[in-house]
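All values below were derived from every heavy atom in this structure, side-chain atoms included, with hydrogens, water molecules and symmetry-related copies excluded. These figures come from a predicted structure and were not determined experimentally. When a ligand or atom number is given, it counts from 1 through the structure's own listing order. Residue numbers start at 1 and run along the sequence shown.
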Amino acid sequence: MDKVVVGAAIVDGSGRLLAAQRAEPPELAGGWELPGGKVDPGEDDHTALIRECQEELGVLVEAGEQVGGDWPLTDGYVLRVWLAEIVEGEPEAKEHLDLRWLPMDELYDVRWLPADLPIVRAVQGQLDEG
Ligand SMILES: Nc1nc2c([nH]c(=O)n2[C@H]2C[C@H](O)[C@@H](COP(=O)(O)OP(=O)(O)OP(=O)(O)O)O2)c(=O)[nH]1
């Protein structure tokens, strides 16, 4: 079975998407991603999503619609992504190099990790649909 990474497409009240810049490993450092991480053994996806946002950003999020299905990553991992909004706290880069709130017309101004590009396009499409 595929191993699962969960990611949060966190959107604020102005329709901006939160992008986070990876600090490690060296081959991914500097690239931008959606906050999230690996689902622990025995943990469900939703719990992992909430936990990772708490650990990485110090915020409580509420998950909404899923964005697509299983997005392929390397090494037998898949990435599952949900739209999310912050219900408590201000995001801080606790584990990332930097954070940026990207308005929809600046979505591609950061160097997204390769796996994330189609996901960001899907997020944009889903937000456009309303
Ligand atoms: N969180 C996240 N990971 C992504 C994205 N795109 C992408 O290719 N990945 C890859 C990078 C990593 O190889 C893997 C996630 O691992 P991670 O290092 O964030 O997981 P983790 O926080 O649980 O940390 P660890 O247990 O490996 O220390 O998925 C994304 O948008 N968000």
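With sequence neighbours left out, Glu56 forms a salt bridge (Lys or Arg N to Asp or Glu O under 4.0 Å) with no residue at all.
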Only pairs under 3.5 Å count here: list side-chain donor-acceptor contacts from residues 63-91, not counting sequence neighbours, and write none if there are none.
residue: Glu65; atom: OE1; partner: Gln126; partner atom: NE2; Å: 2.9
residue: Asp70; atom: OD1; partner: Arg80; partner atom: NE; Å: 2.6
residue: Asp70; atom: OD2; partner: Arg80; partner atom: NH2; Å: 3.4
residue: Trp71; atom: NE1; partner: Val67; partner atom: O; Å: 2.9
residue: Arg80; atom: NH1; partner: Asp45; partner atom: OD2; Å: 2.8

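Residues with a heavy atom under 4.0 Å from ligand 1: Val5, Arg22, Leu28, Glu33, Leu34, Gly36, Gly37, Lys38, Glu52, Glu56, Leu73, Leu79, Leu113, Ala115, Asp116.
Trp32 and Leu34 fall within a single hydrophobic cluster, where Ile, Leu, Val, Met, Phe, Trp and Tyr side chains are chained together by heavy-atom contacts under 4.5 Å.
In this structure, CZ on Arg100 lies 11.0 Å from CG on Leu18, to the nearest 0.5 angstrom.
At a threshold of 4.5 Å between non-hydrogen side-chain atoms, the residues Glu24 and Arg22 count as touching.
Side-chain heavy-atom separations under 4.5 angstrom define the hydrophobic clusters, and the remaining members of the one that includes Leu113 are Leu28.
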